[in-house]
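Structure first, then comments.
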Amino acid sequence: MSKGLPKRSENYSEWYNELVKKADLAENSAVRGCMVIKPYGFSIWEKMQRALDDMFKETGHTNAYFPLFIPKSFLSKEASHVEGFAKECAVVTHYRLKNDPDGKGVIVDPEAKLEEELIVRPTSETVIWNTYKTWVQSHRDLPILINQWANVVRWEMRTRIFLRTAEFLWQEGHTAHATRKEAEEETSQMLDIYAKFAEEWMAVPVIKGSKTANERFAGAEDTLCIEAMMQDGKALQAGTSHFLGQNFAKAFDVKFQDKSGNLEYVWGTSWGVSTRLMGALIMAHSDDLGLVLPPKLAPIQVVIVPIYKGEEQLEVISEKVKPILKNLKAKGISVKFDDDDQARPGWKFAEYELKGVPVRMAIGMRDLENNVVEIARRDTLTKESVSLDGVEEYISDLLEKIQCNIYDKAIDFRKNNTHEVNSWDEFLVKIEEGGFLLAHWDGTSETEEKIKDLTKATIRCIPFDSKEEEGVCVFSGKPSSRRVIFARSY
RNA sequence: CGGGGUGUAGCGUAGCCCGGUCAUCGCGUCUGCUUUGGGAGCAGAAGGUCGCAAGUUCGAAUCUUGCCACCCCGACCA
């Protein structure tokens, strides 16, 4: 482990790449655009999965699994859906290899060509709706509330670890309902869950809103999203929830008989968050010393570093630490006692800072004499001496404080980097400074496109909470009734 | 797919312009002793098809050509 991370202020993306590697979250793999998620990184993802999965279950969803491969013909059934994904699909054409006749390794057996080529799922709407068709006949079969945890593949031209990889892990919820209203409610309920997760677990404040037509999911009638701001001022879409209308029901002929005996098309939703959230988590809180993890998602919440000379002192300290470990664990706090003799305290301090462990306790003979322990916070980098009596309570309160503090910090950052702009000149200046711009927009795709071409900024969302307000489009001067959020994004 | 860059020990690098004891240095690893309150010190040791292939040459990490991989910037996207 070499020391030192690039500075965020000097090269943000290099800082990010190095941090991901040095904190042992993930690394690039032999396959271009794909990543190896390492144990430390994966355990954060597992914590995210657990929290989200619990929330899905609480709202009546169950998990299931649909296949990785999709018949090519399925993709072409929903016109806009094909258009959205066709350019980035991996295609399976053969099912067998054979030894190269020239003796060099293996080749694809030309004899073993598939009759119908298979697409590696970029998302599963098509297989799932093709299945729902057989599951739904009556209104009694509805709603269907299913989620799956899976990997998907989108053949991206440019990839970035966690933020955009060719293969990524995610969950995709796919629900079917009898009424438009119910499907719409589901769509917004799931968005609320994502927002709650982002804010309460990840400590990342998000803005809820809907996407413009340009940014909408291919195949959806409406796409809702949560948008977060990263420390470089760029926006990151952290989750999406789609109201599919009857688009997929019509494409796959999914009908049900309602109470009065009429045949109706089913209403659908789909919603997902991915390992991209790992990128959001990293970029929202971390600093030049390494990761800063919210306690609720930290694989190790507290690390105890003994400071000692010789076996005997370590013995004494270990004895004192034992009940603390036990009590913290009893409170559901994950704690590690690092008595590894191979590394010195200073090295450990730096290492756990790099890995974002929220609380560090250092305990040596000097502390024992005074019945105290030194407690250091990762988020503020402050240290203080705390009495050993009732230290477990103290830690448990501190973890909550840290969770709140990093959320507050992120919210302040967003506030300081969000600006209302009212003229095109102002827009051009502010967009270079980064952050979110609240501006009036005339509602047309043409204007949105032009602004994107000129500034690389897109409309991240039309926020739900934006107030009705008369104004004129920042670009075209046409009338507008509410502000939207413009930003450069990941 | 365009434009730029990089490829030398597990990791990070010097050397490349101007071919010849040049394979450099740091981290890490191993051994021993001393250390332990912010990335330890000393002594010793191991570790390399210089991305791959062909060519030029008496001689190639260095020059030429081709290929491969990765990174950055664009087009595309969660």
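Labels below follow one simple rule: chain letters A, B, ... track the order of the sequence lines, proteins then strands, and each chain is numbered from 1.
- In this structure A:N371 satisfies the side chain to side chain donor-acceptor pair (under 3.5 Å) test together with A:D389, sequence neighbours excluded.
- Side chain of A:T275 to main chain of A:F162: no donor-acceptor pair is present (N/O by atom type, distance under 3.5 Å, no hydrogens or angles).
- Across residues 203-234 of chain A, not one residue has a non-hydrogen atom less than 4.0 Å from an atom of RNA chain B.
- Within the 4.0 angstrom heavy-atom criterion, no nucleotide atom of any strand lies near A:S489.
- Protein atom CG of A:D339 is 14 Å distant from nucleotide atom C1' of B:U36, rounded to whole Å.
- Side-chain contact check for A:N214 versus A:E449: some heavy-atom pair is nearer than 4.5 Å.
- Comparing B:U6 with B:A14, their P atoms sit 10 Å apart, to the nearest whole Å.
- Using a 4.0 Å heavy-atom criterion, one finds that A:L163 contacts the bases of the nucleic acid, with or without backbone contacts as well.
- Contact annotation: the side chain of A:E172 approaches that of A:Q148 to within less than 4.5 Å [non-hydrogen atoms, C-beta and beyond].
- Every residue two or more places apart in sequence or in another chain that forms a salt bridge (Lys or Arg N to Asp or Glu O under 4.0 Å) with A:E353 is listed here: A:R360.
- We find that CZ of A:R366 is positioned 12 Å from P of B:U36, with the value rounded to whole Å.
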Q) Taking it one step at a time, do A:K456 and A:E432 satisfy salt bridge (charged side-chain N to carboxylate O under 4.0 Å, His left out)? A) CA-CA 10 Å; A:K456 291 182 204 154; A:E432 293 304 326; over 6 Å; no
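- For A:Q313, there are no side chain to side chain donor-acceptor pair (under 3.5 Å) partners, not counting sequence neighbours.
- Atom C1' of B:C63 sits at a distance of 10 Å from the matching atom of B:C16, rounded to the whole Å.
- Contact check, A:N17 against B:C72: a side-chain N or O comes under 4.0 Å of OP1 or OP2.
- Mapping A:A166 and A:P345 onto RNA chain B by nearest heavy atom places A:P345 at the nucleotide closer to the 5' end.
- Following rounding to the nearest Å, A:D341 (CG) and B:U34 (C1') show an atom-to-atom distance of 13 Å.
- Residue side chain A:R360 reaches the base of B:G38 through a donor-acceptor N/O pair under 3.5 Å, judged by distance alone.
- Residues from residues 303-312 of chain A with heavy atoms under 4.0 angstrom of RNA chain B, sorted by number: A:I307, A:Y308, A:K309.
- Going from the C1' atom of B:G44 to that of B:C67 covers 44 Å, rounded to whole Å.
- Nucleotides B:C71 and B:C11, compared at atom P, are 15 Å apart to the nearest Å.
- The backbone N or O of A:D287 lies less than 3.5 Å from a partner atom in the side chain of A:W15, making a donor-acceptor pair.
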Pairs under 3.5 angstrom, nitrogen or oxygen only, protein versus nucleotides 41-47 of chain B, please.
none

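- Distances shown here put every side-chain N or O of A:R344 at or beyond 4.0 Å from the OP1 or OP2 atom of B:U35.
- Checking A:Q49 against A:E46 by side-chain atom types alone, no donor-acceptor pair falls below 3.5 Å.
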Q: For RNA chain B, just give me the dot-bracket, please: Watson-Crick or G-U, both distances below 3.5 Å, ( ) intra-strand, [ ] crossing earlier pairs, | paired with another strand, . unpaired.
A: (((((((..(((.......[....))).((((((.....)))))).....(((((..]....))))))))))))....
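- Residues that satisfy the side chain to side chain donor-acceptor pair (under 3.5 Å) test with A:K401, not counting sequence neighbours, are absent from this structure.
- Taking the C1' atom of each, B:A53 and B:G15 are spaced 24 Å apart, rounded to whole Å.
- Listed by chain and number, the residues in a ring-ring contact (aromatic ring centres under 6.0 Å, His included) with A:F427 are A:W424, A:F486 (sequence neighbours excluded).
- Residues that satisfy the salt bridge (Lys or Arg N to Asp or Glu O under 4.0 Å) test with A:R377, not counting sequence neighbours, are A:D379.
- Taking the C1' atom of each, B:U62 and B:U56 are spaced 13 Å apart, rounded to whole Å.
- Aromatic ring orientation, A:F252 versus A:F248: parallel (interplanar angle below 30°, classes split at 30° and 60°).
- Nucleotides B:C18 and B:A23 place their P atoms 22 Å apart, quoted to the nearest Å.
- Within 4.0 Å of A:E353, counting heavy atoms only, lies at least one base atom of the nucleic acid.
- B:A78 atom P lies 10 Å from atom CH2 of A:W170, rounded to whole Å.
- Checked by distance alone, A:K383 brings no side-chain donor or acceptor within 3.5 Å of a matching partner on the base of B:G37.
- Applying the side chain to side chain donor-acceptor pair (under 3.5 Å) rule to A:D54 yields no partners; only residues at least two apart in sequence or on another chain are considered.
- Distances were taken from every side-chain heavy atom of A:W347 (C-beta onward) to each of B:G39, B:A75, B:G37; the shortest belongs to B:G39.
- Applying the salt bridge (Lys or Arg N to Asp or Glu O under 4.0 Å) rule to A:R460 yields the partners A:E215, A:E227; only residues at least two apart in sequence or on another chain are considered.
- Rounded to whole Å, atom C1' of B:C71 lies 9 Å from atom CG of A:N28.
- Here the side chain of A:M157 is nearest to one of B:A78, B:G37, B:C76, namely B:C76.
- A:F197 and A:W201 have parallel rings, their planes meeting at less than 30° on a 0 to 90° scale where 60° marks the start of perpendicular.
- Of all nucleotides listed (B:G37, B:G74, B:C73), B:C73 comes nearest to the side chain of A:S13.
- Residue contacts shown for A:Q237 are limited to sugar-phosphate atoms, with no base heavy atom under 4.0 Å away.
- Two residues, A:T240 and A:G33, neighbour RNA chain B, and the one matched to the more 5' nucleotide by heavy-atom proximity is A:G33.
- With B:U36, B:A78, B:C73 as the candidates, the nucleotide lying closest to the side chain of A:S274 is B:A78.
- With B:A78, B:C76, B:G39 as the candidates, the nucleotide lying closest to the side chain of A:A350 is B:G39.
- Rounded to a whole Å, the NZ atom of A:K452 is 10 Å from the C1' atom of B:A75.
- Here, B:A45 and B:G26 have their P atoms 14 Å apart, quoted to the whole Å.
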**Q.** A:D232 vs A:Y16, side chain to side chain donor-acceptor pair (under 3.5 Å): CA-CA, chis, key distance, verdict
**A.** CA-CA 11 Å; A:D232 60 353; A:Y16 173 80; over 6 Å; no
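- As judged by a 4.0 angstrom heavy-atom cut-off over every strand, A:R160 is placed among residues making no nucleic acid contact.
- Rounded to an integer number of Å, the gap from A:Q171 CD to B:A78 P is 16 Å.
- Here B:A75 presents its P atom at 9 Å from CZ of A:R158, a figure rounded to the nearest Å.
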